[in-house]
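See structure below.
Protein chains get the first letters and strands the later ones, always in sequence-line order, with residue 1 at the start of each.
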Amino acid sequence: MTAPRVRFAPSPTGYLHIGGARTALFNWLYARRHGGTFVLRIEDTDRERSTQVAVEAILEGMRWLGLDWDEGPGVGGPHGPYFQTERLDVYRAHADRLVREGKAYACYCGKEELDVLRKQAEGEKRQFRYPGTCRGKPYDPSRRHVIRLVVPETGATSFDDLVKGTISTPHDTLQDEVILRGDGMPLYNFGAVVDDVTMEINLVARGDDHVNNTARQILIYQALGYPVPAFAHLPMILGADRTRLSKRHGATNLMSYRDMGFMPQALVNYLVRLGWSHGDQEIFTLQELVELFDWKQVGATAGVFNPDKLLWVNHQWLRALSDDELAARALPHFTAAGLPAADDQKLRLIVRQLRERAKSFVEIVQQARCYYAPIQLDEKARSKHLTAEARPLLKAVRDGVAGMEAMELPALERLFAEVAAAAGLGLGKVAQPARVALTGGTASPGIHDVVQILGKAETLARLDAALALIG
RNA sequence: GGCCCCUUAGUCUAGCGGUUAGGACGUCGCCCUCUCACGGCGAAGACAUGGGUUCAAUUCCCGUAGGGGUCACCA
């Protein structure tokens, strides 16, 4: 088989969203799997909505996920330019040829008059189709016009989708489509086809909201006399209510997941499993995915985005990190939260304890807050554990710690055990009050670890404060 | 509404004519235990529905219902 050339062609009208990221990922995986080429093309012909900021945001998202492109913005390539607005002459040339060959024609109908017809059809509960008024009219470049493709009225166009199987579209549901606007801008279907042809794309993989465009595009390929590529339409990602994923369902901006403390590997892992599978395996590295990816395993059904599962996947990735890596990656989130953490031994002790307890960097920060800021004493925890009965126990722990040189785990374990034994109580009777005094709450890593993280001075200070509080 | 696509537990999925319908997230219970996690064990929970085809349908075909997508001088 010839090496695949695939592309991801976002329009820069906003940030890179979850769905787009998955489309890009599948394309990238396919290209890498077969030693093909992954092209990034920016479809910015909607001048109203396209922005440079959005272009940057999309590139940033791609880089964050680790999806590098072989041709496109920044890297160039032999089929450039890769911004559609820089390719207007290409579309014009192709459109002119179609007009010359009688496969397309200039249409002088105003938008307003067509809207009237549209309304009328709507009123009669009729399907509106452009009536072909300008078919056969002579070409007059001096009048403002659009270019329409001559679409057959009978028959049907079908294709074999790599994920959905054979899909057929009757021509009577189509119309003489506009391929070039009055201002010379190509319409989506035309621009995409001309670019895919000139960029030698041989497999088009995109969201299945494009299924209905495919027949129209195939008609354009045929009018142009070019080979039709293969198609793969990926099912949509839905929200919990099974409607198209949107802001209402939570964050759809890929990069906001970075800010929420997710690892890019986790997003890739989760996104690929939403619609693709390899037996019972849940966790995949990018390398594994490159080796295993296959359209055959891509499901045809839309999937609901499940934040809980994403969090679980993220946890799997997080806990697999070494202490050093985990600390380094978590640090920016501490800083963002305004906590004075540094990449030091203390941070490493903290992340070592929190890797099993926190599923994201943000959760790590939440759970580690008490080691960098004054404790926020939970009232229920205080009334239950910082009691008169607990006072002598805390005092004993305090004095024990005061008498120790360094905060070594074995010594701390001995201390807490001795205090409990001396009082004839279980370890919990000592540990819980101490935990509340030291962290402000009832949930934390092992009490010895907490003391070690806090260090001698801070431990004593917090214990004294608790003692004073009890009175 | 027309057209197109989809349909295994709450969710993601395995399955590709004969299985006690498997795994994962989540939920619940028990164990471990200084709390919380982690881990271990266990439980509840699915083939939308009606017809065919077949010795045999979750699996193949058709209808119905439900869901999604799309019907622009947007992409």
[Y] and [X] side chains, donor-acceptor separation under 3.5 Å:
X: A/R49; Y: A/S11; answer: no
X: A/D195; Y: A/Y91; answer: yes
X: A/T252; Y: A/Y15; answer: yes
X: A/S360; Y: A/N314; answer: no
X: A/H249; Y: A/D241; answer: yes

Quiz prompt | 5′-ward residue of the pair A/R144/A/S168 relative to RNA chain B | solution = A/S168
Quiz item: Between A/D241 and A/A9, which has a closest nucleotide on RNA chain B that is more 5'?
Solution: A/D241
Tabulate below the donor-acceptor pairs under 3.5 Å that side-chain atoms of residues 437-451 of chain A make, not counting sequence neighbours, or state none.
from, atom 1, to, atom 2, distance (Å)
A/T439, OG1, A/R435, O, 2.8
A/T439, OG1, A/G441, N, 3.3
A/T439, OG1, A/G441, O, 3.3
A/S444, OG, A/R435, NE, 2.7
A/D449, OD1, A/Q353, NE2, 3.4

Is there a donor and acceptor pair, one atom on the side chain of [X] and one on the base of [N], closer than 3.5 Å?
X: A/D280; N: B/rG22; result: yes
X: A/Q281; N: B/rG23; result: no
X: A/E282; N: B/rG23; result: yes

Selection from [options] that lies nearest to any side-chain heavy atom of [X]:
X: A/N212; options: B/rC6, B/rG69, B/rC73; answer: B/rG69
X: A/K164; options: B/rC6, B/rC74, B/rA37; answer: B/rC6
X: A/R357; options: B/rG69, B/rC36, B/rA75; answer: B/rC36
X: A/D209; options: B/rG69, B/rU35, B/rC74; answer: B/rG69
X: A/L274; options: B/rU7, B/rC12, B/rC74; answer: B/rC12
X: A/E356; options: B/rC36, B/rA75, B/rC38; answer: B/rC38
X: A/M236; options: B/rG68, B/rC73, B/rC38; answer: B/rG68
X: A/W312; options: B/rA75, B/rC25, B/rC71; answer: B/rC25
X: A/K309; options: B/rC73, B/rU35, B/rC12; answer: B/rC12
X: A/Q432; options: B/rU35, B/rC73, B/rG69; answer: B/rU35

Using the [atom1] atoms only, state how far [M] lies from [N], rounded to an integer number of Å.
N: B/rG17; M: B/rC55; atom1: C1'; answer: 11 Å
N: B/rA72; M: B/rG67; atom1: P; answer: 23 Å
N: B/rG1; M: B/rA14; atom1: C1'; answer: 38 Å
N: B/rA56; M: B/rA65; atom1: C1'; answer: 27 Å
N: B/rA43; M: B/rU58; atom1: C1'; answer: 24 Å
N: B/rG18; M: B/rG10; atom1: P; answer: 25 Å
N: B/rA21; M: B/rG45; atom1: C1'; answer: 13 Å
N: B/rU20; M: B/rC3; atom1: C1'; answer: 44 Å

For a quick test of reading the model: is some side-chain N or O of [X] closer than 4.0 Å to OP1 or OP2 of [N]?
X: A/R181; N: B/rC74; result: yes
X: A/R352; N: B/rA37; result: no
X: A/S277; N: B/rA14; result: yes
X: A/R319; N: B/rG39; result: yes
X: A/R244; N: B/rU70; result: yes
X: A/S11; N: B/rC74; result: no
X: A/R242; N: B/rC12; result: yes

Give [X] one of three labels, base, sugar-phosphate or nothing, depending on what nucleic acid heavy atoms sit under 4.0 Å from its own.
X: A/G299; value: nothing
X: A/P445; value: base
X: A/R355; value: nothing
X: A/D172; value: nothing
X: A/H233; value: nothing
X: A/T442; value: base
X: A/T166; value: sugar-phosphate
X: A/G303; value: sugar-phosphate
X: A/T243; value: sugar-phosphate
X: A/V146; value: base
X: A/K359; value: sugar-phosphate

Atom pair distance, as rounded to whole Å: [atom1] in [X] and [atom2] in [N]:
X: A/Q175; N: B/rA72; atom1: CD; atom2: P; value: 7 Å
X: A/Q127; N: B/rG2; atom1: CD; atom2: P; value: 9 Å
X: A/F305; N: B/rG10; atom1: CZ; atom2: C1'; value: 17 Å
X: A/L415; N: B/rC34; atom1: CG; atom2: P; value: 16 Å
X: A/E418; N: B/rC34; atom1: CD; atom2: P; value: 16 Å

Exercise. Tell me, please, whether A/Y130 has A/R148 positioned over its six-membered ring: NZ or CZ under 6.0 Å from the ring centre and within 45 degrees of its axis?
Key: yes
Self-check item: 4.5 Å side-chain heavy-atom contact, A/I364 and A/H333
Solution: no
Quiz item: Looking at side-chain heavy atoms only, is the closest gap between A/Y105 and A/V99 below 4.5 Å?
Solution: no
Return the pairing partner of [N] with a 3.5 Å limit on both distances, Watson-Crick or G-U wobble; otherwise return none.
N: B/rC71; value: B/rG1
N: B/rG39; value: B/rC31
N: B/rA46; value: none
N: B/rA14; value: none
N: B/rU7; value: B/rA65
N: B/rG26; value: none

Quiz item: Sub-3.5 Å donor-acceptor pair from the side chain of A/E56 to the main-chain atoms of A/V53, do we have one?
Solution: no
